[in-house]
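Source: prediction; values computed, not measured.
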Amino acid sequence: MARLALTVLAAGAVVTLLVIGGRALLVPPGGQPPERERASAPATGLATAPASDATARVPTVRIECLAETCPVVTVRVPGGDVLHHHEMARGEELNYFEPELDVVLSDAGTVRVTENGKPREQGDAGKREAFTVREPG
């Protein structure tokens with residue numbers, strides 16, 4: 001009977017550690033997971049109007065792939081999590097709402113970047129570009 005109780009207790013401890021470990025991987029030390037939105041559906045060219053300006057959130061950075069394949073695009077929280085480090089396909093979009101982000105574009109001419117709702121100047125084809133985007137205010 002004691003052996004069964006110890007086995008159940010050990011199994012409970014393992015499950016608890018797995019849950020805590022999984023949560024630690026998904027939630028940063030600040031307590032709240034970062035807000036992210038990744039839309040991989042191709043852009044249709046049709047814009048939908050927001051319900052109201054007060055409820056509409058503008059992403060800190062929005063990146064849209066314009067080429068058939070966009071070489072590696074990296075988005076990360078400075079000194080923290082890497083949010084994206086992959087190639088992108090035509091029409092794929094990334095939207096991030098963190099207060100500050102580091103962005104590296106392997107080929108700046110293949111993507112359209114919007115910072116806080118304002119278009120960023122198109123980069124040169126084949127040129128690497130790195131920059132930091134901060135939320136206004």
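Within the structure, no pair that satisfies the disulfide (SG to SG under 2.5 Å) test touches residues 84-137, not counting sequence neighbours. Residue pairs satisfying the salt bridge (Lys or Arg N to Asp or Glu O under 4.0 Å) criterion with at least one member in residues 65-78, sequence neighbours excluded, are listed as follows: Glu68-Arg90, Arg76-Asp102. Sorted pairs that involve residues 7-16 and meet salt bridge (Lys or Arg N to Asp or Glu O under 4.0 Å), not counting sequence neighbours, are lacking altogether. The disulfide (SG to SG under 2.5 Å) analysis of residues 74-137, with sequence neighbours excluded, yields no pairs. Within the structure, disulfide (SG to SG under 2.5 Å) contacts touching residues 87-137 (residues at least two apart or in different chains) do not occur.
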What side-chain donor-acceptor pairs closer than 3.5 Å can you find for residues 3-14, not counting sequence neighbours?
| residue | atom | partner | partner atom | Å |
| --- | --- | --- | --- | --- |
| Thr7 | OG1 | Arg3 | O | 2.8 |

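With hydrogens and angles ignored, the 3.5 Å screen pairs a side-chain donor or acceptor of Asp107 with a backbone N or O of Gly109.
Applying the side-chain contact (heavy atoms from CB on, under 4.5 Å) criterion to Ala89, with sequence neighbours excluded, gives Glu92. Residues forming a side-chain contact (heavy atoms from CB on, under 4.5 Å) with Gln122 (at least two apart in sequence, or on another chain): Leu66. Under the rule for a side chain to side chain donor-acceptor pair (under 3.5 Å), the partners of Arg134 that lie at least two apart in sequence or sit in another chain are Glu100. Qualifying side-chain contact (heavy atoms from CB on, under 4.5 Å) partners for Val104, counting only residues two or more places apart in sequence or in other chains: Thr74, Arg128, Ala130. Considering only residues two or more places apart in sequence or on other chains, Thr69 meets the side chain to side chain donor-acceptor pair (under 3.5 Å) condition with none of them. Cys70 meets the side-chain contact (heavy atoms from CB on, under 4.5 Å) test with Cys65, Ala67, Met88, Thr110, Val111; sequence neighbours excluded.
Atom-to-atom distance recorded for Arg57:CZ and Asn95:CG is 11.0 Å, nearest 0.5 angstrom.
Taking 4.5 Å as the limit, some side-chain heavy atom of Leu105 sits within range of a side-chain heavy atom of Phe131. At least one side-chain heavy atom of Val103 sits less than 4.5 Å from a side-chain heavy atom of Ile63. Between Thr114 and Val61, the closest side-chain pair of non-hydrogen atoms is not below 4.5 Å. Side-chain contact between Phe97 and Pro59: present, with at least one pair of heavy atoms (C-beta onward) separated by less than 4.5 Å. When side chains are defined from C-beta on, Thr132 does not count as touching Leu101, because their heavy atoms never get closer than 4.5 Å. Counting heavy atoms from C-beta outward, Val72 and His85 have side chains that approach closer than 4.5 Å.
Across Glu98 and Val77, no two heavy atoms sit closer than the pair CG-CG2, 4.1 Å.
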Take Tyr96 and Val75 through the test side-chain contact (heavy atoms from CB on, under 4.5 Å) and record every step on the way to the result.
-> CA-CA 9 Å; Tyr96 292 102; Val75 180; 3.8 Å; yes
Going through the distances and angles, do Glu129 and Arg120 end up as a salt bridge (charged side-chain N to carboxylate O under 4.0 Å, His left out)?
-> CA-CA 12 Å; Glu129 194 171 310; Arg120 180 180 175 86; 3.0 Å; yes
